[in-house]
Amino acid sequence: MIEQYLGITSEQMVIAAGQTVYMLFWGLVLGSLLGIPLGILLTITRKGGILQNKVVYTLINYTINIVRSVPYIILLVAIMPLTKIIVGTRIGTQAALVSLVFYITPFLSRLVESSLLEVDKGIIEAAEAMGATPVQVIWHFLLPEALGSLILSLTTGTIGLLGATAMAGAIGGGGVGNLALTYGYQQFNTPLMVATVIVLIVFVQLIQGLGNYLSKRVRSRE
Amino acid sequence: MIEIQNVSKRFDSASGEVHALRQVSLTVEKGDIFGVIGFSGAGKSTLVRLVNLLERPSEGRVLVDGTDITTLSKPDLRMLRKNIGMIFQQFNLLQSKSVFQNVAAPLVLNKVPKKDIDKRVKELLHFVELEDKIHTNVSKLSGGQKQRVGIARALATNPSILLCDEATSALDPKTTDSILELLKKINRELNVTILLITHEMHVICDICNKVAVMDNGRVLEQGTVLQVFGNPQHKITRSFVKTVIDDSIPGSLAREILEYQGENRIFRLRFQGNIAGKPLLYRISAEYHMENSILFATVCELQGVVFSVMIVQVFGSAQRLDEVQQFIEDSGVYVEVLHLTGGEEDRND
Ligand SMILES: Nc1ncnc2c1ncn2[C@@H]1O[C@H](COP(=O)(O)OP(=O)(O)O)[C@@H](O)[C@H]1O
Ligand SMILES: [Mg+2]
């Protein structure tokens with residue numbers, strides 16, 4: 001039935017959705033594993049931070065700016081040799097994932113940085129006055145105080161990532177966004193394009209809804 | 001004991017170098033409640049933050065119990081900080097956590113076993129009279145309650161020194177008094193030396209035994225509250241004293257006095273201690289046969305000592321007035337001659 005209206009099999013649709021979820025999930029996990037520590041480093045090494053360090057700050061700051069200024073579709077192609085080293089291939093969902101991590105990590109670093117900078121300086125000062133080590137300041141004070149805001153930042157990052165997965169189709173990453181582009185847009189299949197966009201809208205709503213809910217739960221304790 | 005020796009502190013800011021402290025020296029003895037008073041920007045916060053090295057001196061030394069803390073290694077500095085509690089104007093609590101979690105924080109950092117933490121937190125909350133709020137989130141507390149949490153947290157590691165940075169400045173007068181009472185109890189019952197800063201004179205009057213007056217990065221005068229209060233040397237000190245004892249003469253009265261043509265002199269008298277049995281004014285009229293009238297009188301208590309100010313107009317020739325002035329000085333009363341001009345009172349600064 002779906003085939004009749006949209007010109008693709010329902011199986012294709014399910015596979016695409018699965019690929020999107022795969023790229024989103026792993027992109028977010030790996031991006032967070034890299035981006036959150038970088039965001040923390042940016043916060044603590046900046047001027048006035050608890051481990052102020054101009055060299056480290058400048059290095060991370062500029063690297064992030066440079067990577068972020070490259071449009072995703074160019075980044076995708078530019079890092080292909082590196083992708084081959086990491087996952088052994090230049091195409092496919094895994095290859096796309098490598099580029100997605102490159103795309104999302106600096107973005108998340110910035111989002112995390114801005115969330116952490118919202119934390120009242122006074123709390124950090126109180127922690128230092130208690131004799132907390134830098135790691136204790138981060139773990140017991142900085143992160144818990146920023147949690148609500150961090151969740152919203154990760155939500156924003158995830159939705160940004162979803163947008164990028166559509167373009168990952170260019171190197172055979174697959175996914176719902178790719179359906180919309182290659183089958184829908186390029187083959188003038190309007191019903192399919194509309195259907196996939198609707199699926200993407202549902203994705204965005206779900207992610208944002210979940211993010212808002214979790215953040216609100218954390219903050220309502222305040 | 002806290003000794004601040006010739007400390008200067010400069011900050012580099014966008015608008016050039018700021019001298020927050022200039023050659024400041026002061027000593028806080030064990031058991032003191034030492035108050036530092038000054039207007040905003042005087043350098044008070046910078047001064048108090050030297051003691052746990054949240055701010056490092058540009059020059060000079062800071063000694064805590066004889067140790068120059070500027071030479072401590074990082075781990076030693078952290079040990080020192082655990083022995084110095086600090087409370088803040090804005091409380092600086094973890095907004096997302098409960099009262100229990102906030103008070104427990106310093107103990108968690110010290111890896112105290114959970115059972116002992118439970119016990120200690122309850123003990124502390126009992127001390128600050130906040131046991132019933134143990135599981136409440138701190139954002140749901142009033143300002144006074146938040147400061148009690150701040151105090152309990154600061155006391156968790158049994159410090160011997162407590163630093164208070166404008167701890168009552170965000171509170172209403174009634175709450176301020178209750179927090180000041182609590183600070184007194186901490187000093188008395190737990191033998192904690194307190195260094196507090198404030199811009200409110202009544203905080204000094206209520207609980208401090210010693211005071212330093214700061215302006216523009218300098219300590220203008222310091223000593224016991226009675227010394228500084230009873231005989232203020234600087235204009236700024238006098239203006240602070242005035243906020244608790246307003247002894248200025250109302251303009252209409254001053255104009256009337258000025259219109260009076262006869263020879264007279266106006267004295268401001270400051271008495272300390274018990275003045276009952278010292279009928280000064282009576283003796284001026286009985287023994288010197290000079291008329292006098294009281295323009296103003298007030299009494300307050302400082303450190304358990306009665307402190308009174310009186311403004312008296314005495315009538316008579318210049319020579320007789322000199323004699324009376326000498327007599328007053330000889331009776332151990334601090335006396336000052338006031339010169340009135342056009343309704344405004346001029347002091348011989
Ligand atoms: N970190 C800083 N950087 C630049 N200037 C500062 C800093 N901290 C304090 N100052 C300046 O030092 C002076 C004294 O500040 P502060 O000690 O906070 O005064 P107070 O607590 O008496 O209001 C002010 O002029 C203030 O602007
Ligand atoms: Mg201040």
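The sequence lines fix the lettering, A, B, ..., with proteins before strands; numbering per chain opens at 1.
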query: Does atom NZ of A:Lys121 have more than 12 heavy-atom neighbours, drawn from other residues, nucleotides or ligands, at distances under 6.0 Å?
result: no
- prompt: Can you pull out the residues in residues 102-112 of chain B with any heavy atom less than 4.5 Å from chain A?
  reply: B:Ala105, B:Pro106, B:Val108, B:Leu109, B:Lys111
- prompt: Taking the side chain as C-beta and beyond, is there a heavy-atom pair between B:Met86 and A:Glu125 under 4.5 Å?
  reply: no
message: Tell me whether A:Tyr213 at atom OH has more than 12 heavy atoms from other residues, nucleotides or ligands lying less than 6.0 Å away.
response: no
- request: Heavy atoms only, distances under 4.5 angstrom: which of B:Leu93, B:Ile87, B:Leu94 has the most pairs with chain A? Name it, please.
  value: B:Leu94
task: Check B:Ser96 against A:Pro144 and note the closest heavy-atom contact, atom names and distance.
output: OG-O, 3.5 Å
field: Donor-acceptor contact present, side-chain B:Gln95 to main-chain A:Glu145, <3.5 Å
entry: no
field: A:Asp120 versus B:Asn92, closest heavy-atom pair with distance
entry: OD2-OD1, 4.3 Å
- prompt: Should we say atom CD1 of A:Ile86 is surrounded by more than 12 heavy atoms from elsewhere, each under 6.0 Å from it?
  reply: yes
task: With chain A as the partner chain, list the residues of residues 47-83 of chain B whose heavy atoms fall under 4.5 Å from it, by residue number, and write 'none' if nothing qualifies.
output: B:Arg49, B:Asn52, B:Leu54, B:Arg78, B:Arg81, B:Lys82
